[in-house]
Amino acid sequence: MAAWHDLRDYLKFLQDNDDLLIINDEVSAEYEIVALTRQTSDIEGPALLFNNVKGYDYPVLSGLFSAERRVAQAFNLDAKKFLDFYREKEGEAIDPILIKDAPCQEIVLTGDEIDLYQLPILTHYEKDGGPYITAGLQIAKHPDTKKRNVSIHRMLLLGKDKLSVYAPPGRHLGRIIQRNEDDNKGTEIMTAIGNAPALSIASQARVPLGFDEFAVAGGLMGEAVPLVTGKTIDVEVPAFTEIVIEGITIPGERVPDGPFGEYPGTYSPVKDAPILQVTAITMRKNAFYTNALTGMPMTENHWMMQAAVTALAYQEAYRICPEVKAINVTPGGTIRHHVVVSIKKRHQSEARNLIAGLLAGPIGAKYVVVVDEDIDVFDPMQVEWAINTRFQASEDLVVLPNLYSPTLDPSSPAERTSDKMGLDATAPFGKLEEFKAPYTPGIENIHLEDFVKRNSKNQKLTF
Ligand SMILES: Cc1cc2nc3c(=O)[nH]c(=O)nc-3n(C[C@H](O)[C@H](O)[C@H](O)COP(=O)(O)O)c2cc1C
Ligand SMILES: [Mn+2]
């Protein structure tokens, strides 16, 4: 099988592989689940399913993607193969199909039955503005093109039937909401919580507005994603979703949203966010709620973004240099802001062009290091060694002050602005041989482990 269709099946697989910890101890939706998810994230430990959340009937799944391997296993792949697989398949769109009866609508709650306080929405960090839904896929359609968009945006719990829904202007949902507000209209939004894992990963695809992320999911899965139309709004939602919130934004109304402990590992400031009026909650029988941790890297937020951001970095880099060997969008740079690229240089100044291109591009990179093809971009020691032996600051440092940047960096000089820096840690063109690590001829044909096997018994000191 290629990819898991249903989160329930994936959880069974994880349980069989000792990679899901089912917890029956009572825990609190305020901080405790997050604290434990933080700890499993730090060791890339198991996903956590909490059966006994104080004051709530629904179980909570947390840390589903807190380990790199689980992103890849969602597609039945090894961790090391996933980034390349994603890059190959991202453009192979397979359109979703519409079905009539779907498990996600087994239970339908409308009117007075709607009560968001029944959902175990978690409180994450000390200074957060309140409990946030963090793992909901928001699905909306552009009013002009009717094309679907899928993305993840956190939502603050405001009341029994109200949530905030803030999407920055650069994000597609933000633009859809804005376009509707130009006509004084609300935006119908589906929020799908608890989905087939491939759908959550595909939601992070950096495809243009109008390119349906569910079609990306289809391409990644090798088959069409089944969707069903909402009960109260004209937007589709995945058939196997655990919990669905249907709603429409109230045009022109805003509510303070934030702070929230965000993916850069710092708090995002308070912003004015649109309000979603909930029109229905639908769910499967025996539904469970899902949370996604974000904050200081690495969290599942970062692992979920990694493939899409890396694919975008490749696209941008290839435009400038066709001889890109490998790219690492690093964890310390929160899988967004620091990029290490290895290339086979064709001209003396090529690395500098690459630096400028990546720093100005839409990834939001703040720091780019370019190394030669002999350096493993995934080995921080080797990258630092290249800087140590192939970089001179007066010649090889590129600084670009005050560029637009889709960042939440608290050191930014102004909103959505950042200084940018690049290091050309490549050897001068044509001179790489002089900069390579010393080589012992034949080293690849003689293996210490063979000697260990032959000599590990009966060793005697000879002196
Ligand atoms: C767990 C998780 C939470 C996220 N939360 C937010 C968020 O609150 N606000 C935001 O703008 N992006 C958030 N993102 C990133 C967007 O979902 C992502 O950039 C997406 O590709 C945007 O879709 P778009 O290109 O259709 O605008 C989150 C991503 C993940 C994986
Ligand atoms: Mn989009």
Side-chain angles (χ1 to χ4, degrees), residues 34 37 41 61-66 68 70-71 74 86 90 93 122 124-125 128-129 131-142 145 147-156 163-179 187 189-195 197-217 257-264 267-271 273-274 276 290-295 297-312 329 334-337 362-364 406-408 416:
V34 166
T37 312
S41 304
L61 173 68
S62 186
L64 177 64
F65 293 118
S66 65
E68 184 180 22
R70 284 200 292 276
V71 176
Y86 180 90
E90 190 188 55
L122 305 188
H124 292 71
Y125 296 110
D128 282 3
Y132 274 97
I133 296 174
T134 58
L137 303 186
Q138 272 92 30
I139 307 146
K141 289 195 259 190
H142 194 285
T145 63
K147 300 270 191 201
R148 194 180 298 115
N149 192 72
V150 187
S151 51
I152 302 179
H153 301 275
R154 64 166 198 257
M155 297 171 125
L156 174 65
L163 293 159
S164 78
V165 55
Y166 177 72
R171 293 270 170 260
H172 296 161
L173 181 63
R175 284 166 63 185
I176 292 171
I177 293 172
Q178 191 54 58
R179 178 68 193 83
T187 300
I189 300 176
M190 283 286 190
T191 302
I193 304 168
N195 300 285
L199 306 188
S200 305
I201 300 304
S203 77
Q204 299 305 295
R206 299 302 182 97
V207 287
L209 180 59
F211 199 126
D212 181 357
E213 284 86 354
F214 283 151
V216 176
D257 176 299
F260 182 68
E262 261 288 0
Y263 83 91
Y267 285 100
S268 62
V270 179
K271 295 250 169 73
L276 187 81
T290 301
N291 184 69
L293 180 68
T294 191
M298 289 297 287
T299 67
E300 50 195 310
N301 185 168
H302 303 94
W303 289 126
M304 288 166 76
M305 295 192 307
Q306 186 190 32
V309 174
T310 305
L312 180 61
V329 187
T334 66
I335 311 287
R336 280 275 301 269
H337 304 297
I363 311 173
T407 176
L408 290 170
R416 308 268 155 197

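Numbering starts at 1 and runs along the sequence shown. Note that ligands are numbered from 1 as they come in the structure, with each ligand's atoms numbered from 1 the same way.
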Mind checking whether [X] contacts ligand 1 via backbone (N, CA, C, O), side chain (CB onward), both or neither, at a 4.0 Å heavy-atom cut-off?
X	answer
Glu213	side chain
Thr134	backbone
Asn149	side chain
His172	both

Q.
Within a 6.0 Å radius of atom NZ on Lys147, are there more than 12 heavy atoms belonging to other residues, nucleotides or ligands?
A. no
Q. So does Arg175 have more than 12 non-hydrogen atoms from other groups sitting under 6.0 Å from CZ?
A. no
Q.
Among the N, O or S atoms of Glu213, which one sits nearest to the Mn ion (ligand 2)?
A. OE2
Q: Tell me which N, O or S atom of His172 sits nearest to the Mn ion (ligand 2).
A: ND1
(Q) Could you walk me through whether Gln306 and Met298 satisfy the side chain to side chain contact (heavy atoms under 4.5 Å, CB included) test, starting with their C-alpha distance in whole Å, then the side-chain angles of each, then the deciding distance to 0.1 Å, before giving a yes or no? (A) CA-CA 11 Å; Gln306 186 190 32; Met298 289 297 287; 5.7 Å; no
**Q.** Pair Glu262-Arg154, salt bridge (charged side-chain N to carboxylate O under 4.0 Å, His left out): steps then yes or no
**A.** CA-CA 10 Å; Glu262 261 288 0; Arg154 64 166 198 257; 2.8 Å; yes
Q | Residues Arg206, Glu90: salt bridge by 4.0 Å N-O rule | A | no
Q: Evaluate the criterion side chain to side chain contact (heavy atoms under 4.5 Å, CB included) for residue pair Leu293 and Asn301; output intermediate values, then yes/no.
A: CA-CA 6 Å; Leu293 180 68; Asn301 185 168; over 6 Å; no
Using heavy-atom distances, let me know which of [options] sits nearest [atom].
atom	options	value
atom 21 (O) of ligand 1	Ser151, Ser203, Gly174	Ser203
atom 29 (C) of ligand 1	Met304, Met305, Gln204	Gln204
atom 31 (C) of ligand 1	Leu137, Asn301, Ile133	Asn301
atom 9 (N) of ligand 1	Met155, Glu300, His153	His153

Q. Which heavy atom in Gly261 sits nearest to a heavy atom in Asp128, and how many Å separate them?
A. N-OD1, 3.0 Å
**Q.** atom 28 (C) of ligand 1 - nearest protein heavy atom and its distance
**A.** Ile152 O, 3.6 Å
Q. Looking at Thr187, Leu173, Leu209, which hits side-chain contact (heavy atoms from CB on, under 4.5 Å) with His142?
A. Leu209
Considering the heavy atoms of [X], write down every atom of ligand 1 situated less than 4.0 Å from one of them.
X	result
Ala292	1 (C)
Arg171	11 (O), 19 (O), 22 (C), 27 (O)
Pro168	11 (O)
Arg154	7 (C), 8 (O)

Q. Does ligand 1 have an atom that lies less than 4.0 angstrom from a heavy atom of Ala167?
A. no
Q. So, does Arg175 sit close enough to ligand 1 that a heavy atom of it is under 4.0 Å from the ligand?
A. no
Q | Gap separating the OG1 atom of Thr37 from the NE2 atom of His124, nearest 0.5 angstrom | A | 8.0 Å
Q.
Can you classify the ring geometry of Tyr263 versus His337 as parallel (below 30°), tilted (30 to 60°) or perpendicular (above 60°)?
A. parallel
(Q) For Asn195 and Ser200, which I'm curious about, is there any donor-acceptor pair between the side chains at under 3.5 Å? (A) no
Q) From Asn149, does some N, O or S atom reach closer than 2.8 Å to the Mn ion (ligand 2)? A) yes
